[in-house]
Amino acid sequence: MSRKLTEGCIAAITSGQTIEKPVVQLLNHKKISSNNAQERYRVIISDGIHYNTFAMLATQLNEKIVSGELPDFTIMSLDQYISSELPNGRTNAVRKVLVILSLTIIVNGREVGEKIGDPKLFEEGDNSAPIPREPSVPQPVSNRNATMNGYAQPAANPAPRFGGQANNDAPTNIIPIVAINPYQNRWTIKARVVSKSAIRTWSNPRGEGKLFSMDILDESASIRATAFTDVCDKFHDMMELNKVYYISRAQVKPANKKFTSIPHDFELTLGRDTEVITCVSDDSIPQIQYNFTPLNALKDIAADSTIDVIGICQQTSDIQNLVARTTRRDLKKRDITLVDSSDASIVISLWDSAAEQFDGSSMPVVAIKGGRLTEYQGGKSISIGNNSTMQINPDIPKAHQLRGWYDSLSDQHQFSNISNKSGGDGNNKVITLKEASLQQLGTHDKTDYFSCEGTVMYVPSDRVIYLACPTPECNKKVVDNNNGSYRCEKCNQIFNNFKYRLILRPQIGDWTGTQWVNMFQDVAEQFLGATADDIGNSKDVYQGRYDEFFRKPLFKTFVFRIAARMDTYNNETRLKMTALQAKPIDFKEASKKLIRDIEKLGGVSVKRT
DNA sequence: CCCCCCCC
């Protein structure tokens, strides 16, 4: 590997020239600590002739220092950087800053092990530097503005790339968001809105008003932008999630890290003078960046974490009205249930306007960024607050993949509900039927899962087969028109055929009580050890063979995995339990457990035999 | 200039 540096590039860049990927050596780095600020690294770089003291790493490169990937003496090319002059407010002096946005390591510093050449401190007005020998195209720039290298310019903007006059139609002087600072005037950023809050009002001793805030990003960094009372409505109407805008003349102020996870030292306040122009050609600006966690992994993640998830909205509750306990504020809440291919389901709580606007009727893909993981009675769920973003059917590969997965799934597919303590997984906690009843499982407008151990008391042998819609994923009972045609209400279609499906409604019992449950095709087949064909399909109700099949499971001990939910049928609402699994278990083991359960109750003496 | 993020 060549250890040759681009001699003279520091002087050239500082004087405003654009040098393509200059090769420099890192001599030193230092963490800049300031209160409330994201950590940043100042670096000393050398081109072999000069070293400078005014280079900074963009925060996204911090990791290279932290991980030890970028030790001192490393030879690297600066693939993207921005050189700015920042007027110092107090002294009127001009301060130079070189922000390194991306770099490529050429030789690791541990291999180099020493300073190359004998570089001297670069000073303002030092013109002794030779013309760089690496190819470069010197470019005239305005002295007061930033120069950039390797930084994507707006495709729709053939206007002057750097400097130039302010012009509404062709925004100029585009700087990367990472370079935003309070000392620089006349900048424009080109940024995508990746999160947008609802309008919120506040009232405190210092006053009252309303505001909304957005997270916006370009390829260099993210930053938060807020609009207050007088311009709140205007910008809230104007700026749409996921669109790209040129933004200039916003106020820059220090970001309070207490309230945002965005790694930028500053944030923007949009005011009366702020100019926002919609950008049509926006391919260079990244989309919302998600870092999805599979739903089943959430049960092992600490409550209060901020997470991104994606799933199919399988269930949507009605809106609940409630009152916040501390603030007495009226709240509207809607719970939706997401499922994903990790075979888990989780409840997501939407609030107020998000709850009102949500339409889950088409079982859409829902992507959530910045959801807050909460824990309640041992289960995990996600709350969508003002700092969260929700996208419905986003046009991203993961969403299309999920859609395909879900649409080819059997409607008997089991998900473990991680929002419910007794959900967890296939080995979820076994409770008694009485406990299930005391916990009112299934009565809260969502599916509750639990397992219990018991025996089968009785299996009614009538209506064990029904005529189902022939559509592969629709198992709805069809209406027999008695003329060779069958109507499916769900598909709203008339067919000339149907398929037979098993449905059993056994009564199960344990030592605390009994319960009727439904068993559909797959579970029923497993349970009986027989198919609909074996039993004898008949369009006219079931005709017999009770002993052969239905006696088999009687009084054997099973572990039942059950979904309980409220169901309305013929205007009657009742608890409906569906057996999702009926697995025979060893009677002796079950008995021992039963004895332990009874002993736990206390006061009951059980004689062991 | 906000900075709460709720409930069972």
Side-chain angles (χ1 to χ4, degrees), chain A residues 35-36 195-215 223-236 250-262 264 266-274 303-307 317-337 346-356 358 368-390 417 419-423 438-448 565-566:
Chain A
N35 288 340
N36 262 344
S195 156
K196 180 182 161 188
S197 79
I199 291 176
R200 188 175 79 244
T201 57
W202 84 88
S203 174
N204 61 31
R206 288 174 301 252
E208 54 185 49
K210 56 182 175 176
L211 73 122
F212 83 99
S213 60
M214 303 177 288
D215 292 343
I223 196 167
R224 196 160 90 135
T226 306
F228 287 97
T229 315
D230 48 342
V231 292
C232 176
D233 289 332
K234 171 186 157 186
F235 287 120
H236 194 268
Q251 185 193 340
V252 180
K253 60 179 194 177
N256 189 338
K257 294 290 154 182
K258 203 174 146 191
F259 303 117
T260 175
S261 57
I262 287 194
H264 202 295
F266 302 104
E267 58 185 46
L268 302 178
T269 301
L270 310 184
R272 287 186 184 286
D273 297 334
T274 300
D304 284 333
S305 301
T306 297
I307 37 87
S317 81
D318 291 335
I319 289 183
Q320 253 180 287
N321 291 298
L322 34 94
V323 180
R325 206 190 307 144
T326 47
T327 62
R328 312 300 304 156
R329 203 164 75 83
D330 285 327
L331 300 170
K332 288 188 167 66
K333 188 184 84 146
R334 191 198 293 275
D335 282 343
I336 66 173
T337 304
I346 191 166
V347 170
I348 316 280
S349 295
L350 312 181
W351 302 90
D352 298 327
S353 60
E356 288 175 316
F358 186 82
I368 289 162
K369 177 153 193 70
R372 205 172 66 91
L373 197 61
T374 62
E375 190 164 354
Y376 178 66
Q377 291 184 357
K380 293 275 170 54
S381 53
I382 293 172
S383 187
I384 302 304
N386 265 334
N387 295 331
S388 316
T389 309
M390 196 170 67
N417 179 0
S419 295
N420 200 302
K421 191 187 192 169
S422 47
L438 286 173
Q439 286 184 35
Q440 298 190 294
L441 293 183
T443 55
H444 298 297
D445 201 36
K446 64 182 179 199
T447 304
D448 284 327
R565 66 168 195 273
M566 292 308 288

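Note that the structure is a prediction, hence the values are computed from the model and not measured. In the text below, chain A, chain B and the rest are named by the order of the sequence lines, each starting its count at 1.
- Formation of a donor-acceptor pair under 3.5 Å by the A:N204 side chain with backbone atoms of A:G207 is found in this model.
- What separates CD1 of A:I199 from P of B:dC2 is a distance of 17 Å, to the nearest Å.
- An OP1 or OP2 oxygen of B:dC7 is reached within less than 4.0 angstrom by no side-chain nitrogen or oxygen of A:R329.
- Annotation: side-chain contact (heavy atoms from CB on, under 4.5 Å) contacts of A:I199 (sequence neighbours excluded): A:K210, A:F212, A:C232, A:D233, A:H236.
- A close approach under 4.0 Å does occur between a side-chain nitrogen or oxygen of A:R206 and OP1 or OP2 of B:dC2.
- Distance CZ (A:F235) to C1' (B:dC2): 17 Å, rounded to an integer number of Å.
- Under the side-chain contact (heavy atoms from CB on, under 4.5 Å) criterion, A:S213 pairs with A:S197, A:R224, A:T226, sequence neighbours left out.
- Taking atom NZ of A:K380 as the reference point, atom P of B:dC8 lies 21 Å away to the nearest angstrom.
- With rounding to whole Å, A:R372 atom CZ is found 12 Å from B:dC4 atom P.
- Between atom CE of residue A:M214 and atom CD1 of residue A:I223 there is a gap of 11.0 Å, rounded to the nearest 0.5 Å.
- Between the side chain of A:E267 and the base of B:dC2, at least one donor-acceptor pair of N or O atoms lies under 3.5 Å.
- Separating the OH atom of A:Y376 from the C1' atom of B:dC7 is a distance of 8 Å, rounded to the nearest angstrom.
- Atom CG in A:D335 sits about 13 Å away from atom C1' in B:dC6, given to the nearest Å.
- Interatomic distance, CG of A:D215 versus OG1 of A:T389, reported as 7.0 Å (0.5 Å rounding).
- Across B:dC8, B:dC7, B:dC3, the shortest atom-to-atom separation from the side chain of A:W351 is found for B:dC7.
- The phosphate of B:dC2 (OP1 or OP2) has a side-chain N or O of A:N204 nearer than 4.0 angstrom.
- Closest to the side chain of A:F228, out of B:dC6, B:dC8, B:dC1, is B:dC1.
- At whole-Å resolution of the value, CD1 in A:I382 and C1' in B:dC5 are 15 Å apart.
- If you check distances only, the side chain of A:R334 never reaches the base of B:dC7 with a donor-acceptor pair under 3.5 Å.
- For B:dC1, the OP1/OP2 oxygens have a side-chain nitrogen or oxygen of A:K253 closer than 4.0 Å.
- Residue A:E208 contributes atom CD, which lies 14 Å from atom C1' of B:dC2 at whole-angstrom precision.
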